[in-house]
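It should be emphasised that the depicted structure is a prediction, and the values quoted were computed from it without experimental measurement. Residue numbering restarts at 1 for every chain, and letters A, B, ... go by the order of the sequence lines.
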Amino acid sequence: MTVRVRFAPSPTGYLHIGSARTALFNFLYARSKGGKFLLRIEDTDLERSTEESVKSILEGLEWLGLTPDEEIVFQSRNKEKHVAAAFRLLEEGKAYRDFTPKGDATSSKNIKELIVERAREQKDLRSNPYRDLPKEESDRRAASGEPFAIRLKVPHEGKTSFEDAVYGLQEREFSDIEDLVLLRSDGHPLYNLAVVCDDIEMGITDVIRGQDHLTNTHKQILIYEALGVKPPRFAHLPLILAPGGKKLSKRYHGEIVSLTTYRDAGFLPEAFRNFLALLGWSPKNNKEIMSMEELIENFSLEGIHKNNAIFNFDSNNPKRWTDDKAIWMNAEYIRTMPLEKLLPYVKEELKKAKLWREEYETEERNWFERTVNTIRERFFTLKDFSTQGRAYFSEDYDFDEKAVEKNLKKHPELQTLMPELASRLEKLEEFTHEHIEQAIRNFAEEKQISFGVIMNAARTLLTGTAVGPSMLAVFELLGKERSVMRLKSQIPWNQN
RNA sequence: GGUCGGUUCGUCUAGAGGCCUAGGACACCGCUCUUUCAAGGCGGAAACACGGGUUCGAAUCCCGUACCGACUACCA
């Protein structure tokens, strides 16, 4: 049987990185098995589901390169089928009507308290008075318009068990499972029923999802059994936790957990996908940098870990705002990926920053490629091309205060020396690094100032920063005219 | 409270009884190259939660304790 897996997010916010990883693993598994990767939007919670969220999920998946193989399934459109299944189980005596008035649990705190309180009572989960109500009476009360929920009739004795591909054999006594509600008294099907029905209908063979569903699985298996369908294989994934070891949540951690944050911060999808793949999974060969093809080739459920992973971030630290390794990996991709693959991303970034010029793809193409290739060495994100790299693409760039202090103002004589050097360089016939270097060395010797001081001053004048590629390369890239002009600039000297 | 799960350097992880005086990666520290560095090269510090077993031998198997997490709802 061909493998069919699905990613089933509920559209109640942006796509978060834990979900993104679940999607990735499903995709990798499908591809590695020659199967299909499907997408189902679980939008049955009408109050919380939004159109916007669906859009954000789709965008996120597309960014990571996880395109579904078949049409997207919207769970809400299958509502009638879920309802029908509940009634079928009722007919067959595998479920019953519960006429208990609906309790109200409003805030989440109340819910938690309610659960614990209820649990302390340690009552028999089979003690519902309507469980064994004679069919005639149940039918009669229903016909008279009395509201009811439909609950699954879980047997008194026995246990469910399944072999989880990650966590191994899982067993649970029936006595620990309540007669779960399949259909709410307002006629809406519940999650566990909907999931099972849809997975059956979609022909899902392997359910790969977060570990938070591990205990739910027993309930779902009970539904499969009642429905007379063989359950799929299950593989539960360890969770991705926040630095404190708490569950990563949209509510508490905000945008940092949103996939789009990374896209907007200048991450390459290749890099972020690679990073995500290594959270909770590792290949046998200890390899870390992997293309999508390599991920697919190496992926296997056996490589998934059981323990949760912590995703580091610190919103108060601009340099460490997200996980170190993710940043490193992005930088690694930026400096080592084939240039022609990087170029389109840089183009897009420059466009966003209004720094793009069509000439970069025509007469200045060669220059553009050389420039990108040179400056990418020290960049971490695509954003760096429009910020740190701005001076290469625009005459309007900022001077870093510290750089000005350290490389210029510390040596006041440079204020007159640099324009002088500029005039000297202006006379060069060939503006190539050999000639530039020679000219600067001569100048430095003549003026009794160190070569390094000149170079650093030039770096700050030409690029506004204190760091960057070899200065001679910078001179060459900027060309004689721009270099000379910038060396003469008095702007940084008058700054502050 | 109950059920289930987890616990190897700060973090991501390798490890399936002897190959482990525990390996790699990120971050960190030092040295080095150099015109700068957040780049490159070289090196360093850094972990088997704890306690009992089993075994000739345990990070690896068993039991207990601790801690962490998930689930437990007419949410998904």
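Between the P atom of B:rU3 and the CD atom of A:Glu173 lies a distance of 11 Å, rounded to the nearest Å. Going from atom OH of A:Tyr191 over to atom P of B:rC71 covers 11 Å, rounded to whole Å. In this structure, the CG atom of A:Asp212 is 16 Å from the P atom of B:rA73, given to the nearest Å. The distance between atom CZ of A:Phe148 and atom P of B:rC74, rounded to the nearest whole Å, is 16 Å. Rounding to whole angstrom units, CD of residue A:Glu476 and C1' of B:rU35 are separated by 15 Å. One can place CG of A:Asn274 at 14 Å from P of B:rU13, the figure rounded to the nearest angstrom. Atom CD1 of A:Ile310 is separated from atom C1' of B:rA27 by 15 Å (rounded to the nearest Å). For the pair A:Met455 CE and B:rC37 C1', the interatomic distance rounds to 14 Å; values are reported in whole Å.
A sub-4.0 Å separation between OP1 or OP2 of B:rG40 and a side-chain N or O of A:Arg378 is absent. Phosphate proximity of B:rA14 to A:Ser282: present, with a side-chain N or O under 4.0 Å from OP1 or OP2. Remark: A:His305 is not in phosphate contact with B:rU7, judged by side-chain N or O atoms under 4.0 Å from OP1 or OP2. Phosphate proximity of B:rC75 to A:Arg184: present, with a side-chain N or O under 4.0 Å from OP1 or OP2. Within the structure, every side-chain polar atom (N or O) of A:Arg48 is placed at least 4.0 Å from both OP1 and OP2 of B:rA76. For B:rG15, the OP1/OP2 oxygens have no side-chain nitrogen or oxygen of A:Lys284 closer than 4.0 Å.
For A:Asn286, whose side chain is taken as the heavy atoms from C-beta onward, the closest listed nucleotide among B:rG23, B:rU7, B:rU36 is B:rG23. Side-chain proximity of A:Asp45 to the nucleotides B:rG69, B:rU36, B:rC75 is greatest for B:rC75. The A:Glu178 side chain lies nearest to B:rU72 when the options are B:rA27, B:rU72, B:rC37. If you check B:rC74, B:rC4, B:rU13 against the side chain of A:Leu190, the one that comes closest is B:rC74. When the nucleotides B:rA25, B:rA39, B:rA38 are ranked by their closest atom to the side chain of A:Glu377, B:rA39 comes out on top. Listed candidates were B:rU72, B:rG5, B:rG2. Nearest to the side chain of A:Gln170 is B:rG5. For A:Asp324, taking side-chain heavy atoms from C-beta onward, the closest of the listed nucleotides B:rA76, B:rC4, B:rC26 is B:rC26. Nearest to the side chain of A:Arg335, among B:rG40, B:rC12, B:rG69, sits B:rG40. For A:Lys325, the listed nucleotide lying nearest its side chain is B:rC12; candidates were B:rG2, B:rC12, B:rC74. Of the candidate nucleotides B:rA25, B:rA39, B:rU35, B:rA25 has the atom lying nearest to any side-chain atom of A:Glu288.
Comparing the P positions of B:rG18 and B:rA76 gives an interatomic distance of 49 Å, to the nearest angstrom. For the P atoms, the distance from B:rA16 to B:rU3 is 33 Å, rounded to whole Å. Across the C1' atoms, B:rG41 and B:rC9 are found 24 Å apart, a figure rounded to whole Å. When the P atom is compared between B:rC50 and B:rG30, the two are found 31 Å apart, to the nearest whole Å. Distance check on atom C1': B:rA73 versus B:rG15 gives 41 Å, rounded to whole Å. Comparing B:rG51 with B:rC42, their P atoms are spaced 39 Å from each other, to the whole Å. For the C1' atoms, the distance linking B:rC28 with B:rA47 amounts to 16 Å, nearest Å. When the P atom is used for both B:rC33 and B:rG10, the distance is 33 Å, rounded to whole Å.
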Problem - Residues A:Arg6, A:Asp198; criterion salt bridge (Lys or Arg N to Asp or Glu O under 4.0 Å); working and verdict - result: CA-CA 10 Å; A:Arg6 86 300 197 276; A:Asp198 289 351; over 6 Å; no
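Between A:Trp321 and A:Phe267, the ring planes are perpendicular. Angles over 60° get that label, and only those under 30° would be called parallel. Taking the six-membered ring where tryptophan is involved, the planes of A:Phe385 and A:Phe379 are perpendicular, since the angle between them exceeds 60° and thus also 30°. Using the six-membered ring where Trp is involved, A:Phe399 and A:Tyr397 have ring planes that are tilted, between 30° and 60° apart.
Checking each of A:Arg97, A:Lys219, A:Arg131 against A:Asp179 for a salt bridge (Lys or Arg N to Asp or Glu O under 4.0 Å) leaves exactly one that passes, namely A:Arg131.
Under the Watson-Crick or G-U wobble criterion, with both distances below 3.5 Å, B:rC20 is left unpaired in every strand shown. With a cut-off of 3.5 Å on both pairing distances, B:rC33 has no Watson-Crick or G-U wobble partner at all. Applying the Watson-Crick and G-U wobble criteria (two distances, each under 3.5 Å), B:rU7 pairs with B:rA66. Of all nucleotides present, only B:rC71 satisfies the Watson-Crick or G-U wobble test against B:rG2, with each distance under 3.5 Å. Nucleotide B:rA45 forms no Watson-Crick or G-U wobble pair with any nucleotide shown, as no partner meets the under 3.5 Å limit on both distances. The pairing partner recorded for B:rG57 is none, the criterion being a Watson-Crick or G-U wobble arrangement whose two distances lie under 3.5 angstrom.
In terms of position along RNA chain B, the nucleotide closest to A:Ala309 lies nearer the 5' end than the nucleotide closest to the other residue of the pair A:Ala309 and A:Ala473. Position along RNA chain B of the nearest nucleotide to A:His218 versus A:Gly468 favours A:His218 as the more 5'-ward residue.
Panel note: side chain A:Ser161, backbone A:Glu171; no donor-acceptor pair is recorded below 3.5 Å. Judged purely by atom type and a 3.5 angstrom limit, A:Gln75 has no side-chain atom pairing as donor or acceptor with the backbone of A:Thr44. Checked by atom type and distance alone, the side chain of A:Asn26 pairs as donor or acceptor with a backbone atom of A:Thr22 at under 3.5 Å.
Judged by distance alone with a 3.5 Å cut-off, no donor-acceptor contact links the side chain of A:Arg172 to the base of B:rU3. Evaluation of atom-type donor-acceptor distances gives a pair under 3.5 Å for the side chain of A:Ser470 against the base of B:rU35. Residue A:Glu332 places no side-chain atom within donor-acceptor reach of the base of B:rA25, judged by atom type and a 3.5 Å distance cut-off alone.
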Please tabulate, for side-chain N and O atoms in residues 307-315 of chain A, each donor-acceptor pair with protein atoms closer than 3.5 Å (sequence neighbours left out).
from     : atom 1 : to       : atom 2 : distance (Å)
A:Asn308 : OD1    : A:Leu239 : N      : 2.8
A:Asp314 : OD1    : A:Asn316 : N      : 3.0

